[in-house]
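First the structure, in the form of structure tokens, and then the observations on it.
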Amino acid sequence: MVVPPGHRSGRNNDGVAVTRLVLNSTVLEVDGPLLVGVLNATPDSFSDGGLFRSSKEAVERGLQLVSDGAHVVDVGGESTRPGALSVSLGEELRRVLPVVSALAAEGVAVSIDTRHAEVAEAAIEHGAAIVNDVSGLRHHAMREVIARHHVPVVIVHSPVDDPSVMQQHSQYDDVVAAVVDFLRVRIDEALRAGISQVIVDPGIGFGKTTAQNLEILRRLEELSTFGVPVLVGASRKRFIGEITGVDVPADRIIGSVVAHLSALDRGASMLRVHDVRAHVEAVRMWQALRTGSTHSLD
Ligand code: HH2
């Protein structure tokens, strides 16, 4: 496996991951876990759907995520929750573009959470700097857009492209092997298409049972074989509710933090989270325990 050339993701002297992404004309380098704040401009996302009815409210939320400590804000206009109905391209664009451009104008590093090449391209043209492809970079058109605009891509494992049926596809002999094999193929395709910055994500909850999500988190080191940053998004997901007994997604903060700290211990360097403040605190403590440093982190 060839490591994509745009990367210099490694470990510092304390063994903590350093992530470096080239975004438009700037470089985002984070010495320690990189936090991606979730911003769903949707009426039906499982934990924050309908909260930000206007673009203005969504932008305010995005700026709040940054002041709380998010390094990147991930803007999505279509829910991927199991069973979610797909929206038209026009509607997805209408939801995300004003939010992307307003945040980018404020200097925020924005990623666009989509499975559609048209939405990715329009969002990039409005200032998005990363594509979070929740369909796993399956489509040639998406690879072509990302390569042409030289933006980093998050490749998310999902057994099928369509969220409305993905829970019917959770049969794997070995879920971790299936995720690793899938990502290996997609990374090779990305490199062949000329994409130089790749981040991988096992797709927690994307066509997976609670037991499979746990198996992935327990064996997350197996994703380090690619030598590219590993992103984990367990935030508020249903399996956390099942394990902790916390029914309301927005109340699943402790379970989310614990899952994410475990992911950091097993090689993740990026976390996609709704509750940024709680994760900043948790990550500071995690990093201090690893390094012995008493300095508070930026
Ligand atoms: N999970 C969701 C959406 N996008 N992107 C990445 N890279 N990794 C994830 O695990 C991931 C993701 C689902 O969570 P959320 O955005 O909160 O909900 P919804 O899809 O209902 O909008």
Side-chain angles (χ1 to χ4, degrees), residues 36-62 65 70 72-104 108 110-146 149 151 153-170 186 201 203-208 231 233-238 249-250 272-274:
V36 178
V38 178
L39 179 56
N40 285 314
T42 57
D44 59 342
S45 286
F46 78 95
S47 82
D48 57 355
L51 281 187
F52 319 112
R53 279 197 192 109
S54 65
S55 302
K56 187 167 167 284
E57 284 171 306
V59 172
E60 278 164 12
R61 171 68 178 164
L65 292 170
V72 171
V73 172
D74 187 40
V75 179
E78 180 188 49
S79 173
T80 53
R81 84 187 145 75
L85 295 178
S86 50
V87 296
S88 70
L89 275 183
E91 177 61 15
E92 192 180 345
L93 288 165
R94 194 193 61 72
R95 291 176 184 176
V96 297
L97 292 187
V99 182
V100 168
S101 46
L103 290 175
V108 176
V110 176
S111 83
I112 177 71
D113 179 324
T114 187
R115 54 199 180 100
H116 300 117
E118 297 88 338
V119 175
E121 177 142 49
I124 293 167
E125 285 163 355
H126 283 71
I130 301 172
V131 175
N132 178 22
D133 183 354
V134 281
S135 77
L137 207 59
R138 282 186 158 81
H139 303 295
H140 172 76
M142 183 68 105
R143 294 195 288 276
E144 196 274 318
V145 165
I146 292 165
H149 290 276
V151 291
V153 61
V154 181
I155 308 178
V156 185
H157 172 270
S158 172
V160 286
D161 188 5
D162 180 356
S164 69
V165 295
M166 69 188 173
Q167 284 312 104
Q168 295 157 27
H169 295 265
S170 57
R186 301 294 171 220
D201 181 331
I204 298 294
F206 284 70
K208 284 141 195 136
L231 186 155
S235 189
R236 298 183 178 179
K237 285 188 176 165
R238 183 163 48 188
R272 181 179 181 278
V273 306
H274 299 82

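Please read all numbers here as calculations on a predicted model, not as lab measurements.
Qualifying side chain to side chain contact (heavy atoms under 4.5 Å, CB included) partners for His169, counting only residues two or more places apart in sequence or in other chains: Pro159, Val160, Val165. Scanning for salt bridge (Lys or Arg N to Asp or Glu O under 4.0 Å) contacts around Glu92 gives an empty result, with sequence neighbours left out. Considering only residues two or more places apart in sequence or on other chains, Arg186 meets the side-chain hydrogen bond (donor to acceptor under 3.5 Å, both in side chains) condition with Glu189. Residues meeting the salt bridge (Lys or Arg N to Asp or Glu O under 4.0 Å) test with Glu57, sequence neighbours left out: none. Take Leu93 and apply the side chain to side chain contact (heavy atoms under 4.5 Å, CB included) test, not counting sequence neighbours, and it matches Leu97, Val119, Ala122. Partners of His140 under the side-chain hydrogen bond (donor to acceptor under 3.5 Å, both in side chains) rule, at least two apart in sequence or in another chain, do not exist in this structure. By the side-chain hydrogen bond (donor to acceptor under 3.5 Å, both in side chains) test, His126 pairs with no residue at all, sequence neighbours left out. In this view, Glu118 satisfies the side-chain hydrogen bond (donor to acceptor under 3.5 Å, both in side chains) rule with no residue, not counting sequence neighbours. For His157, the ring pair (Phe, Tyr, Trp, His ring centres under 6.0 Å) partners are Phe182, not counting sequence neighbours. Residues passing the side chain to side chain contact (heavy atoms under 4.5 Å, CB included) test with Asp74, sequence neighbours excluded: Val36, Ser111, Asp113, Asn132, Arg272. By the side chain to side chain contact (heavy atoms under 4.5 Å, CB included) test, Ala41 pairs with Arg95, sequence neighbours left out.
Between Leu103 and Leu39, the closest side-chain pair of non-hydrogen atoms falls below 4.5 Å. Met142 is listed as a side-chain neighbour of Val131, based on a closest heavy-atom distance under 4.5 Å. Side-chain contact between Glu78 and Thr114 is absent, with no heavy atoms from C-beta onward closer than 4.5 Å.
In this structure, Arg138 and Ser135 approach most closely via the heavy-atom pair NH1-O, 2.8 Å. When every heavy atom of Ile112 is checked against every heavy atom of Val75, the shortest pair comes out as CD1-O, 3.5 Å. Residue Ser158 comes nearest to Val134 through the heavy atom pair CB-O, 4.1 Å, listed as atom of the first residue, atom of the second, then distance. When all heavy atoms of Ser47 and His274 are compared, the closest pair comes out as OG-NE2, 3.3 Å. Ala70 approaches Gly37 most closely through the heavy-atom pair CB-N, 3.9 Å. Asp201 approaches Gly203 most closely through the heavy-atom pair OD1-N, 2.7 Å.
Taking CD of Glu125 as the reference point, atom NE2 of His149 lies at 5.0 Å (rounded to 0.5 Å). One finds the CZ atom of Arg115 at 7.5 Å from the NE2 atom of His139 (value rounded to the nearest 0.5 Å). In this structure, CG in Leu231 is found 12.0 Å from CD1 in Ile155, a value given to the nearest 0.5 Å. Within the model, atoms CD of Glu60 and OG of Ser54 stand 7.5 Å from one another, a figure rounded to the nearest 0.5 Å. Between the OG1 atom of Thr80 and the CZ atom of Phe206 there is a distance of 4.0 Å, given to the nearest 0.5 Å.
Around the CZ atom of Arg238, the shell of radius 6.0 Å holds no more than 12 heavy atoms that belong to other residues, nucleotides or ligands.
Pairs engaging residues 42-52 under the salt bridge (Lys or Arg N to Asp or Glu O under 4.0 Å) rule: Asp44-Arg81 [sequence neighbours left out].
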